[in-house]
Amino acid sequence: MSDRLNEIAQSFLYPQRLTRILIIFGLICLEIMCGVLVYVAGGTHVSYLHCFYIPIILAGMIFRVPGGLIAGVMAGMIVGPYMPLDVLLNTSQPVTSYIVRGIFFSLVGIFSGALSVVFRMYLENLHRQMTTDPLTQLPNIVGLKLIWQDQVQKNHGRYPSILVVALNHLRDIDKAFGSEATSEVLREVTYRLRSALPAYVNLAYVDYGTFAVIIPFASLSVEEMREKCRNWLGNRFLIGEIPIFLESHFGDATPQGGEETLYSMVRKAKIAVDKSIELSHQSASFDEKDDQQIQRNLKLSHDLSEAIEKNQLKLAYQPKIDFKTGNCSGVEALVRWIHPELGMISPGEFIPMIEKTLLINQFTRWLLKTALAHLQEWLRQGLDLTCAVNFSMKNFEDPGIFADLQCLLKCYEVPLKHLEIEVTETAIPANLDKVADILQSCREEGIKISVDDFGTGQSSMTYLLRLPVDCIKIDQTFVRSIMTNSAAEAIVRSAIILGHELNLEVIAEGIETEEEYDKLRHLGCDGGQGFYFARPMFFEMATSWMQSRTAKLKTN
Ligand code: C2E
Ligand code: MG
Ligand code: MG
């Protein structure tokens with residue numbers, strides 16, 4: 001709506017050439033009609049004279065001071081000496097009357113023209129403020145939108161590509177040196193980018209630390225433009241005397257044939273920038289699949305908040321087999337999300353999302369409550385097993401988690417030795433000492449502690465050193481290659497020896513074939529889990545699986 005009003009105001013204040021001629025013709029006709037009206041009404045003694053103000057003010061507003069002045073003089077002449085004071089009596093006007101009137105009309109024209117100039121200056125200033133970034137003096141996103149629209153119009157509806165340049169870690173500079181230093185860096189970046197690009201290429205500052213370039217048709221390609229920017233920009237800057245290193249990332253988006261706006265193109269190029277940061281590349285191009293993933297993530301993040309309340313989360317249990325007895329010694333609880341529209345969603349996809357929000361605390365409670373309720377039922381049925389829950393480091397950040405766990409264990413009357421916590425994480429967290437304290441308290445109460453995915457990431461050894469551990473679970477990537485890759489076999493063998501040296505139980509994950517099972521047993525592994533024994537199953541199915549396995553072992 002405001003765009004439409006703006007368009008009307010623009011076409012009124014800045015008419016095109018043909019419209020100008022039409023307006024001039026219209027204003028002349030209007031003044032003549034006013035003159036005819038005055039004459040027909042009986043002469044200048046009637047008040048119809050005032051209708052001349054309309055064309056005079058209009059002319060002043062549209063054609064500024066010269067327009068207003070010309071319209072005023074013309075009006076003064078129309079109702080000048082040749083216009084009678086009274087048409088019926090055929091009396092002429094006194095000279096002073098039409099001269100003063102003519103001067104007055106001219107002054108009104110000049111005044112309205114001057115007002116129009118002031119108003120235009122005000123509007124232009126407002127427009128500049130709205131479309132220019134005050135720090136870099138480059139167009140902002142609104143300004144770039146106008147340039148984009150203009151280019152699309154000139155190119156008969158074809159959309160140009162967009163290149164986005166984003167400065168990584170600008171906020172760190174802000175934190176270390178303050179906003180004045182950040183502004184200095186941004187001005188330097190602007191200068192370098194402007195020097196890199198030909199004068200006809202439009203550069204804009206569209207977001208914090210983010211610049212956008214419209215790639216004009218029939219000029220350099222996106223790659224060439226990116227290379228130029230990269231070379232000129234470099235990554236070394238000076239804040240006062242202090243040299244700093246600042247990385248930039250590039251993302252580009254090319255129109256795919258559908259309807260596009262500048263905003264949609266900048267959004268896509270920004271997605272490409274994020275992808276380049278994630279992949280540790282300097283640049284990336286937008287792919288429609290990235291968009292689908294983002295839309296899916298957004299939907300999942302939103303739906304997650306309701307998933308627990310609406311009972312969409314379920315626990316599946318995968319049996320763990322003791323290699324000495326062949327018994328099912330325990331189960332691992334693996335969460336499943338049965339989304340009403342998207343179907344089954346793997347924990348690998350949504351657990352990292354939960355971990356980024358406060359929902360993690362609600363989720364941890366739900367996980368413990370559900371697993372303990374099922375464990376209580378199994379123990380009641382006489383099944384002797386431990387139930388393992390997966391805890392990532394985020395689960396330990398909830399300050400009340402240990403107290404809640406104790407409450408739940410009391411409430412479900414489950415002996416603590418039947419609960420196991422599998423610690424999963426690839427990176428060592430900053431609060432490892434706090435995690436160690438919580439786990440130590442758990443272990444003193446009898447809860448079993450395992451290190452999951454042992455051998456992957458850089459944290460496994462640190463965990464062995466700093467966390468109280470009972471068991472290690474060798475990651476499935478090693479188990480999967482154990483029959484074909486001698487290095488994998490050597491790693492598994494070493495892990496088993498290491499585990500046993502430290503008095504730990506060693507479990508292998510992801511056993512899929514009998515050969516793998518035999519090999520692991522032969523290497524001295526204490527137990528394992530995998531599709532060879534059973535896939536993860538929901539409560540009822542897991543219960544009957546365990547009952548039939550126990551019955552089978554008894555009859556043997
Ligand atoms: P994990 O704890 O290492 O769990 C083992 C994963 O391997 C499970 O995948 C399981 O279904 C799969 N698996 C088991 N046996 C085999 C096999 O023989 N072959 C193959 N190819 N795969 C096998 P899932 O259920 O998709 O879980 C993936 C990861 O998600 C888990 O890895 C765990 O780190 C995480 N996760 C699952 N549930 C939870 C949870 O409740 N809390 C937390 N924090 N993480 C969870
Ligand atoms: Mg696990
Ligand atoms: Mg694992």
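As the structure is a prediction and not an experimental result, all values here were calculated from the model. Each ligand, and each atom within it, is numbered from 1 in the order the structure gives.
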* To do: Tell me, please: is Arg480 in heavy-atom contact with ligand 1, that is, under 4.0 Å?
  => yes
* Among side-chain atoms of Gln381 and Thr543, is any donor-acceptor pair under 3.5 angstrom? -> no
* With a cut-off of 2.8 Å, does Glu509 place any N/O/S atom under that distance from the Mg ion (ligand 2)? -> no
* To do: Looking only at N, O or S atoms, find the one in Glu332 nearest to the Mg ion (ligand 2) and name it.
  => OE2
* **contact_flag Lys473 ligand 1 heavy-atom lt 4.0 Å** => no
* To do: Quick one: sort the Tyr532 and Tyr517 rings into parallel, tilted or perpendicular, breaks at 30° and 60°.
  => tilted
* Is the distance from the Mg ion (ligand 3) to some N, O or S atom of Glu422 under 2.8 Å? -> no
* Asked: Heavy atoms of the protein only: does one fall short of 4.0 Å from atom 21 (N) of ligand 1?
  -> yes
* Which ligand 1 atoms does Gly530 reach within 4.0 Å, using its non-hydrogen atoms? -> 15 (N), 18 (O)
* Interatomic spacing from SG in Cys328 to CD1 in Ile321 - rounded to 0.5 Å -> 5.0 Å
* For ligand 1, is Tyr532 a contact, meaning one of its heavy atoms is under 4.0 Å away? -> no
* Without hydrogens or angle criteria, can the side chains of Ser276 and His249 be said to hold a donor-acceptor pair below 3.5 Å? -> yes
* Identity and distance of the protein heavy atom lying nearest atom 4 (O) of ligand 1 -> Leu334 CD2, 3.5 Å
* To do: Pull out every atom of ligand 1 sitting under 4.0 Å from any heavy atom of Gln318, numbered as shown with elements.
  => 14 (C), 15 (N)
* Option from Glu505, Glu422, Glu332 for which salt bridge (charged side-chain N to carboxylate O under 4.0 Å, His left out) with Lys448 holds -> Glu505
* Whether Asp475 has an N, O or S atom under 2.8 Å from the Mg ion (ligand 3) -> no
* **Aromatic Phe237 / basic Arg192 pairing, under 6.0 angstrom, 45° off normal** => yes
* Please could you name the atoms of ligand 1 that Glu512 approaches to less than 4.0 Å, counting only its heavy atoms? => 17 (C), 18 (O), 19 (N), 20 (C), 21 (N)
* Taking the six-membered ring of Tyr208 as reference, does the NZ or CZ atom of Arg171 fall below 6.0 Å from its centre and within a 45° cone about the axis? -> yes
* Does ligand 1 have an atom that lies less than 4.0 angstrom from a heavy atom of Arg535? -> no
* Structure fact -> A student checking ligand 1 against Pro536 at a 4.0 Å heavy-atom cut-off should list atoms 11 (O)
* Asked: For ligand 1, is any non-hydrogen atom under 4.0 Å from Asp475's backbone (N, CA, C, O), its side chain (CB onward), both, or neither?
  -> neither
* Do Asp526 and His500 get their side chains close enough for a donor-acceptor pair, meaning under 3.5 Å? -> yes
